[in-house]
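All chains are named by letter (A, B, ...) in the order of the sequence lines, taking the proteins before the strands, and each is independently numbered beginning at 1. The shown structure was predicted, so the numbers you read here are calculated from the model rather than taken from an experiment.
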Protein chains: 2
Amino acid sequence: MSDRNRAVTIADVAARAGVSQASVSRVLNGKQSVDPAIVQAVQAAITALGYTPSVAARSLVHGRNDTIAMVVPDLENPLFQGILRGLSRAAAADGYRVLVADTAEQVDEEEATALEARHRCDAIVLCAPRMPEERLQRLVARIAPVVVVNRPLPGAQVPIVGVDYARGIRDLVDHLHGLGHRRFAFLSGPELSASNAERLRGVADAVAAEPGITIDVIEGGSRLDDGYEAAEYVDAARREGVTAVIAFNDLVALGLMTRLRELGVEVPGDLSIAGFDDVPMARFATPPLTSMSVPRGEIGAQVWTRLRTLIAGGPIEHTVLYRPRLEARESTSRV
Amino acid sequence: MSDRNRAVTIADVAARAGVSQASVSRVLNGKQSVDPAIVQAVQAAITALGYTPSVAARSLVHGRNDTIAMVVPDLENPLFQGILRGLSRAAAADGYRVLVADTAEQVDEEEATALEARHRCDAIVLCAPRMPEERLQRLVARIAPVVVVNRPLPGAQVPIVGVDYARGIRDLVDHLHGLGHRRFAFLSGPELSASNAERLRGVADAVAAEPGITIDVIEGGSRLDDGYEAAEYVDAARREGVTAVIAFNDLVALGLMTRLRELGVEVPGDLSIAGFDDVPMARFATPPLTSMSVPRGEIGAQVWTRLRTLIAGGPIEHTVLYRPRLEARESTSRV
DNA sequence: CTGTTAGCGCGTTCAT
DNA sequence: ATGAACGCGCTAACAG
């Protein structure tokens with residue numbers, strides 16, 4: 001790091017300004033008060049020499065980096081992308097940088113990756129939707145300060161920022177119920193994913209709360225292809241009376257709609273479809289896709305707020321879950 | 001960084017193993033030859049104490065970080081996301097981490113951001129599609145080792161990895177020409193974007209090479225909305241005889257198709273439409289969108305290869321441009 | 001208010 | 001083959 005050619009150090013500045021390194025350091029950090037004349041001389045020397053403090057040396061002395069790491073299973077996921085973006089910008093505003101640690105879906109390497117990242121950075125943002133609770137529990141204890149994203153962790157000593165998927169699903173079901181739907185299908189996501197489990201909880205809650213409804217669960221996935229490939233099963237369910245489908249997310253819903261169109265199933269005429277996440281494309285689908293909007297960027301910013309508190313030695317703040325907002329569009333209609 | 005509680009240092013290991021710090025260091029780095037007995041003792045002490053070398057101290061001594069930074073104008077862009085992903089994985093395989101520096105579209109801050117990033121990292125991957133050539137030229141010289149992504153820089157002393165947009169556009173025009181189209185419209189991207197300029201060059205080349213064709217340029221943008229909003233202009237062009245539209249990228253094309261459908265314009269019946277980038281959604285559009293595929297992940301990996309060479313003191317390798325591959329789908333048809 | 005001194009944790013001579 | 005000592009660049013504690 002630093003410059004190619006021999007770096008100019010604080011000693012050079014001190015020499016040129018005719019003062020001690022300590023004085024230079026003081027001017028640099030604005031600690032204590034320094035004689036205006038010295039400040040002048042030092043600043044002159046600094047600009048003359050083009051001096052920049054060594055990050056490494058500072059890190060060694062302070063035991064911190066002003067860098068945090070975001071550990072993520074797949075950078076391709078729009079949710080994580082949005083969070084990373086919001087996090088990166090919020091942290092930057094406080095002078096912190098963000099390192100990305102993509103574990104490439106290797107659940108077994110998440111711990112090692114997180115530990116390694118923690119060793120290089122001051123704190124961790126952990127996205128590990130598939131890690132078993134116990135392992136996560138232990139890991140979190142080892143890498144604190146840390147904020148966990150988008151998954152519950154009962155009794156954990158760690159701030160959690162996420163989305164209230166259960167609530168979102170319930171709100172969505174309510175919406176569809178209001179449109180007259182009674183028989184639903186839920187196209188589920190990755191089996192071990194925590195957010196999928198939360199959605200399923202929402203499904204169960206909805207069924208319990210609204211006696212007149214049924215919700216079939218059909219295996220789906222998280223990507224466009226998964227929705228596309230599930231279409232036949234969905235169509236079969238439709239023939240058996242299902243009138244509305246809730247997909248794990250928008251990508252799945254969009255893939256599903258594509259295949260249904262090929263199969264000649266009209267949306268929403270023959271079947272209402274809703275997604276989750278409200279990705280930009282949802283508005284532009286044909287028909288525009290009803291979805292539950294999730295504030296990705298804001299989640300990232302909120303994660304930073306929590307982490308900053310922790311870094312500053314503050315308390316573990318309460319879990320915060322964002323309630324998804326219904327974006328009712330034309331893919332769902334009165335039955 | 002490092003652990004919350006007082007870190008265990010190399011001195012602790014040395015003490016417990018009953019040897020000198022130097023020996024521990026040797027064992028750690030596998031330099032020179034060490035007495036097998038000592039190796040044993042040291043390794044035992046290391047695992048017993050759970051010792052991990054301090055990244056900061058190493059950085060200070062070596063003058064490097066094993067970290068590179070990717071400076072990017074907007075993390076929302078699918079192209080940069082894909083490159084980041086490929087880069088991150090390739091670099092990780094060599095023990096390097098990637099820091100993201102999102103400049104949030106602030107062209108004026110790109111230089112400062114890049115310099116700051118370079119100060120913290122061993123090298124830079126620079127995505128600055130809108131920075132004027134001269135400024136980029138100077139910047140590149142100051143932050144080397146650096147690889148520039150996705151834009152030309154004539155005579156620059158820097159490796160460049162990118163996409164041959166001009167060639168891609170030409171191939172696309174050829175394809176459409178083969179389908180019988182003669183009058184085209186190009187929905188252009190961000191005015192100052194280098195890749196847009198390259199595409200325009202492709203447009204000009206195509207017109208020069210194929211005497212019988214015309215290509216109108218219509219102002220567009222880079223996002224779904226931009227395509228949506230340009231639809232009226234596109235439709236007007238259609239009424240004047242344009243039969244095929246090439247959009248700056250797939251997002252624009254998809255937004256355009258959505259609005260055209262609302263306007264009652266049939267694709268490809270009334271108008272053929274093609275995009276660029278081949279985002280996942282392209283295949284799932286209605287009709288499936290013809291596009292030019294770009295190997296995002298591979299570009300990221302290639303960037304790392306170039307950068308690794310540079311870091312190792314190697315030469316500035318030649319520019320490499322990927323030729324987009326035509327993915328002909330149903331949104332374009334014989335006229 | 002300022003300079004001197006002593007580490008931060010590690011790699012690396014230089015003797016032994 | 002091994003250990004002692006120094007230095008990487010900087011900040012914090014202590015005198016003056």
Estimated bend of the helix from C/dC1-D/dG16 to C/dT16-D/dA1 (axis per five terminal pairs, rounded to 10 degrees)
50°

Side-chain donor-acceptor distances from residues 78-92 of chain B under 3.5 Å, at least two apart:
unit_1	atom_1	unit_2	atom_2	d
B/Gln81	OE1	A/Gln81	NE2	2.9
B/Gln81	NE2	A/Gln81	OE1	2.9
B/Gln81	NE2	B/Leu75	O	2.9
B/Gln81	NE2	B/Glu76	O	3.3
B/Arg85	NE	A/Asp74	OD1	3.1
B/Arg85	NH2	A/Glu76	OE1	3.2
B/Arg89	NE	A/Asp102	OD2	3.2
B/Arg89	NH2	A/Asp102	OD1	3.2
B/Arg89	NH2	A/Asp102	OD2	3.2

Please give me the minimum heavy-atom distance between B/Val140 and B/Val146, naming the atom from each residue.
O-CG1, 3.7 Å

When rounded to the nearest 0.5 angstrom, what is the spacing between CG in A/Leu126 and OG1 in A/Thr103?
9.0 Å

Donor-acceptor under 3.5 Å (B/Arg26 side chain, B/Asn29 main chain)
no

Taking the side chain from B/Arg151 and the backbone from B/Ser195, do they hold a donor-acceptor pair closer than 3.5 Å?
no

So does A/Val163 get a backbone contact from the side chain of A/Asn150, meaning a donor-acceptor N/O pair under 3.5 Å?
yes

Using a heavy-atom cut-off of under 4.0 Å over every strand shown, decide if A/Val24 touches base, sugar-phosphate, or nothing.
nothing

Once you round it to whole Å, what is the distance between P of D/dC8 and CG of B/Leu60?
9 Å

Counting only heavy atoms from other residues, nucleotides and ligands, does the tally under 6.0 Å from CD of A/Gln40 exceed 12?
no

Residue-phosphate contact under 4.0 Å: B/Ser20 side-chain N/O, D/dT2 OP1/OP2
no

Would you list the protein and nucleotides 10-16 of chain C atom pairs, both N or O, that sit under 3.5 Å from each other?
unit_1	atom_1	unit_2	atom_2	d
C/dC10	OP1	B/Tyr51	OH	2.5
C/dC10	OP1	B/Ser54	N	3.0
C/dC10	OP2	B/Ile10	N	2.4
C/dG11	OP2	B/Ser25	OG	3.2

Check whether any side-chain N or O of A/Ser23 sits under 4.0 Å from OP1 or OP2 of C/dT2, and answer yes or no.
no

Roughly how far, to the nearest 0.5 Å, is OG1 of A/Thr113 from CD1 of A/Ile143?
10.5 Å

